[in-house]
Amino acid sequence: MTIDEFNNSSGRLSLDFETLSTELGRHFSRSEAARAAGDYLRALLSGVERKTSWQMSEAEGRATPYAFQHLLGRALWNVEAVLDEHQQRVRRALGERGILILDETGFLKKGDKSAGVARQYGGTD
């Protein structure tokens with residue numbers, strides 16, 4: 001289920017996501033990077049088929065991918081503070097006796113035309 005599908009069935013995720021974006025935004029040195037981070041996370045959770053900076057930017061209504069590229073390559077932010085805050089959020093959500101199970105999800109990569117892309121194991125074979 002994508003974020004868009006969930007939002008259609010419940011407005012709660014949208015509200016929670018905006019709260020998360022606002023809270024994490026304070027760890028960025030510039031407001032533009034904080035907004036780009038929220039948009040980038042939303043695009044990652046969207047139904048965009050290919051998660052390239054161009055497709056994700058277009059899905060978020062941006063004309064170019066430059067804000068996402070800046071975010072990923074050059075933006076200044078407090079990584080440790082974001083990790084600490086996220087860890088606390090997960091602990092609160094799980095509760096004292098909560099258990100988190102991570103499941104490897106992947107797909108069989110296909111292709112031999114692009115540099116560095118060959119048929120590779122992705123986790124579902």
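Sequence positions, counted from 1, serve as the residue numbers for this chain.
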TODO: Go through the steps for Arg42 and Ser46 under the test side-chain contact (heavy atoms from CB on, under 4.5 Å), then give the verdict.
DONE: CA-CA 6 Å; Arg42 190 183 298 67; Ser46 75; 5.8 Å; no

Task: Residues which pass side-chain contact (heavy atoms from CB on, under 4.5 Å) with Ala33, listed by chain and number, not counting sequence neighbours - done: Phe28, Ala75

Indicate every side-chain donor-acceptor pair of residues 57-64 with a distance under 3.5 Å to a residue at least two apart or in another chain.
unit_1, atom_1, unit_2, atom_2, d
Ser57, OG, Ser53, O, 2.6
Ser57, OG, Thr64, O, 3.4
Arg62, NE, Asp39, OD2, 3.2
Arg62, NH2, Asp39, OD2, 2.8

TODO: With rounding to the nearest 0.5 Å, note down the distance linking CD in Gln69 to OH in Tyr40.
DONE: 10.5 Å

Open item on the list: The criterion is side chain to side chain donor-acceptor pair (under 3.5 Å); which residues satisfy it with Arg30, sequence neighbours excluded?
Closed with: Glu32

Without placing hydrogens or testing angles, list every side-chain donor-acceptor pair under 3.5 Å for residues 80-91, not counting sequence neighbours.
unit_1, atom_1, unit_2, atom_2, d
Glu85, OE1, Arg26, NH2, 2.9
Glu85, OE1, His27, NE2, 2.7
Arg89, NH2, Glu23, OE1, 2.2

Open item on the list: Are Leu71 and Leu44 connected into the same hydrophobic cluster when the rule is that any two of I, L, V, M, F, W, Y join if their side-chain heavy atoms are below 4.5 Å apart?
Closed with: yes

Task: Rounded distance (nearest 0.5 Å) linking atom CG of Leu94 with atom CZ of Arg92 - done: 11.0 Å

Task: Pairwise salt bridge (Lys or Arg N to Asp or Glu O under 4.0 Å) hits with a residue in residues 44-54, at least two apart - done: none

Task: Hydrophobic cluster (4.5 angstrom, side-chain heavy atoms) - remaining members for Ile99 - done: Ile101

- [ ] Identify whether Leu24 and Val79 are in the same connected component of the hydrophobic contact network (ILVMFWY, side-chain heavy atoms under 4.5 Å).
- [x] yes

